[in-house]
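Please see the structure below; I have some questions.
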Amino acid sequence: MREDRDAELAREIRSHLELDAEERMANGAPVDEAGWAAHRAFGNVSRVREETRALWTRRWVEQVAQELRYTLRGLLRSLGFAMVAVLTLALGIGGATTMFAMVDPVLLKPLPYGNADRLVEISEFHSERGEMAVRAADFASWRHDVHALDRTTAFFWYDATFTDGDRPEAVVGEHVLDDFFGVLGAYPALGRTFTAADYGADASNTVVLSDRLWRRRFGADPSIIGRSISVDQTP
Amino acid sequence: MPRDKNRPGLLQGTLDLLILRTLLFGPLHGHGIAKHIQRTSDDVLQVEHGSLYPALRRLEESGCIGSKWETTDRGRDMRFYRLTPRGRKQLTLEESKWRQLARAMGRMLRPA
């Protein structure tokens with residue numbers, strides 16, 4: 001738009017100078033003299049173009065400022081309405097942001113495991129008692145007969161008391177079946193996870209500590225492997 | 001055209017009035033307006049032709065004049081300006097203001 005107007009102004013000035021020179025030649029002036037005279041009478045061409053451009057810019061700024069003033073005055077005139085509108089917007093934006101902040105990690109971001117999109121949890125629900133523990137026989141049957149599942153594992157939450165030395169601490173424990181870590185695609189930073197041997201009848205109890213507990217209680221001590229701790233007073 | 005010290009320069013705001021007044025006789029292009037002002041004032045009013053254009057744009061934006069590209073009898077494309085009804089009203093207003101000023105100045109310089 002600005003370029004169009006500028007180009008049009010340049011064309012107009014050119015036609016002006018040509019006409020002026022032509023008339024001077026008709027009055028007997030030599031060709032180059034006529035051209036120079038026309039330019040002299042016109043003055044500085046680029047200054048004229050600049051002045052005109054500045055005029056457009058000033059005009060535009062004035063218009064925008066005018067609109068802003070007008071809008072502001074309108075809002076001030078109906079202050080109550082303006083406040084309600086602003087508050088509504090603020091609440092709406094705030095609400096949507098909070099909602100997204102909550103939904104994003106729970107529903108949208110994948111779990112931090114390998115193959116997170118192929119991970120499913122199966123549990124049983126009772127119409128009155130809610131979520132139920134899966135019976136061992138059911139699990140065994142799912143593990144063998146449901147071919148849609150590549151690998152299966154099971155876990156059971158419980159509240160445990162963890163003791164090392166003389167300081168007991170309430171933690172959340174989880175009994176897990178073999179292949180639990182394999183299914184999740186999670187690998188320990190230190191030591192090993194459970195193997196088939198750990199599930200033998202004569203195997204000693206083994207635990208995998210969470211990273212957080214390891215740092216809190218053992219100061220991230222790497223020599224922890226093989227040490228004996230006590231969970232629910234059982235070594 | 002070297003500026004003559006004995007000729008008056010253009011007073012602030014007079015150029016708009018001169019343009020509107022010139023266009024009262026019919027549509028004209030910038031060059032024609034410049035020539036008309038010079039001729040009518042017996043070359044007393046020296047208008048630098050270029051200074052017409054910012055003034056023309058200003059008048060056009062305020063709605064006092066309109067413009068159209070037209071081809072002259074000699075086959076040259078020129079932008080022609082014409083007075084709008086609003087410009088006519090503005091001209092009457094400016095003219096009476098100018099007459100008042102001129103009368104006042106005359107009384108000041110040649111008291112009765």
Side-chain angles (χ1 to χ4, degrees), chain A residues 1-70, chain B residues 1-4 7 9-10 12-13 15-16 18-19 22-23 27-41 43-82:
Chain A
M1 182 65 192
R2 177 76 42 87
E3 275 64 36
D4 287 353
R5 285 191 301 195
D6 198 33
E8 200 182 9
L9 179 65
R11 182 177 157 216
E12 191 177 0
I13 292 174
R14 206 162 45 240
S15 69
H16 177 122
L17 291 171
E18 281 168 13
L19 181 61
D20 199 335
E22 204 172 82
E23 284 185 2
R24 282 166 204 274
M25 281 190 288
N27 287 336
V31 180
D32 4 331
E33 183 50 41
W36 283 115
H39 265 97
R40 265 202 304 280
F42 192 90
N44 190 329
V45 172
S46 42
R47 206 198 64 224
V48 167
R49 286 178 65 177
E50 245 156 54
E51 253 173 53
T52 314
R53 265 200 296 270
L55 192 77
W56 289 327
T57 311
R58 206 162 51 234
R59 180 100 188 155
W60 183 82
V61 170
E62 270 167 16
Q63 275 169 355
V64 171
Q66 166 108 34
E67 289 286 319
L68 279 177
R69 268 200 304 278
Y70 182 75
Chain B
M1 219 176 291
R3 199 164 275 259
D4 187 333
R7 286 170 176 163
L10 269 187
Q12 196 75 37
L15 188 56
D16 287 10
L18 291 175
I19 292 173
T22 305
L23 289 179
L28 203 56
H29 45 73
H31 183 253
I33 295 172
K35 254 181 27 183
H36 179 264
I37 291 174
Q38 234 161 288
R39 212 168 37 216
T40 315
S41 71
D43 282 331
V44 172
L45 298 176
Q46 294 287 330
V47 179
E48 201 174 58
H49 294 192
S51 65
L52 276 179
Y53 288 92
L56 283 169
R57 287 297 181 281
R58 208 168 39 233
L59 285 170
E60 188 168 19
E61 294 211 339
S62 62
C64 286
I65 58 174
S67 73
K68 207 164 77 180
W69 282 93
E70 271 168 50
T71 312
T72 61
D73 311 338
R74 293 230 195 110
R76 185 182 291 283
D77 270 350
M78 300 292 284
R79 190 170 175 171
F80 278 78
Y81 297 89
R82 63 180 165 69

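Per chain, numbering begins at 1; letters A, B, ... match sequence-line order.
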A:H16 ring center near B:H49 ring center (under 6.0 Å): yes

Within-4.5 Å side-chain heavy-atom neighbours: A:V48 and B:E48: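 They are not in contact (no side-chain heavy atoms under 4.5 Å apart), so the answer is no.
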
Under-4.0 Å salt bridge between A:R11 and B:D77: yes

B:W69 side chain to A:E8 side chain, donor-acceptor N/O pair below 3.5 angstrom: yes

Distance in Å, B:R58 CZ paired with A:T52 OG1, rounded so as to fall on 0.5 Å steps: 9.5 Å

Rounded distance (nearest 0.5 Å) linking atom CD of A:E22 with atom CZ of B:R74: 6.0 Å

Heavy atoms of other groups near A:H39 NE2, more than 12 under 6.0 Å: no

B:R57 versus chain A, the contacting section by heavy-atom distance below 4.5 Å: both

Atom pair CD/CG of B:E61 and A:L55 - distance to nearest 0.5 Å: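 It is 6.0 Å, given to the nearest 0.5 Å.
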
Which of A:R47, A:E51, A:E18 touches chain B most, by non-hydrogen pairs under 4.5 Å: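 Result: the option with the highest number of such pairs is A:E18.
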
Whether over 12 other heavy atoms sit under 6.0 Å from A:Q66 CD: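 No, the 6.0 Å shell around CD holds no more than 12 heavy atoms from other groups.
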
Part of A:L9 within contact of chain B (heavy atom distance under 4.5 Å):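 Contact with chain B is through both the backbone and side chain of A:L9.
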
Under 4.5 Å from a heavy atom of chain B, the part of A:E23 involved: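 Only the side chain of A:E23 comes within 4.5 Å of chain B.
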
Separation of A:S15 OG from B:R76 CZ (nearest 0.5 Å): 7.5 Å

A:L19 vs B:H29, side-chain contact (heavy atoms from CB on, under 4.5 Å): CA-CA, chis, key distance, verdict: CA-CA 11 Å; A:L19 181 61; B:H29 45 73; 3.3 Å; yes

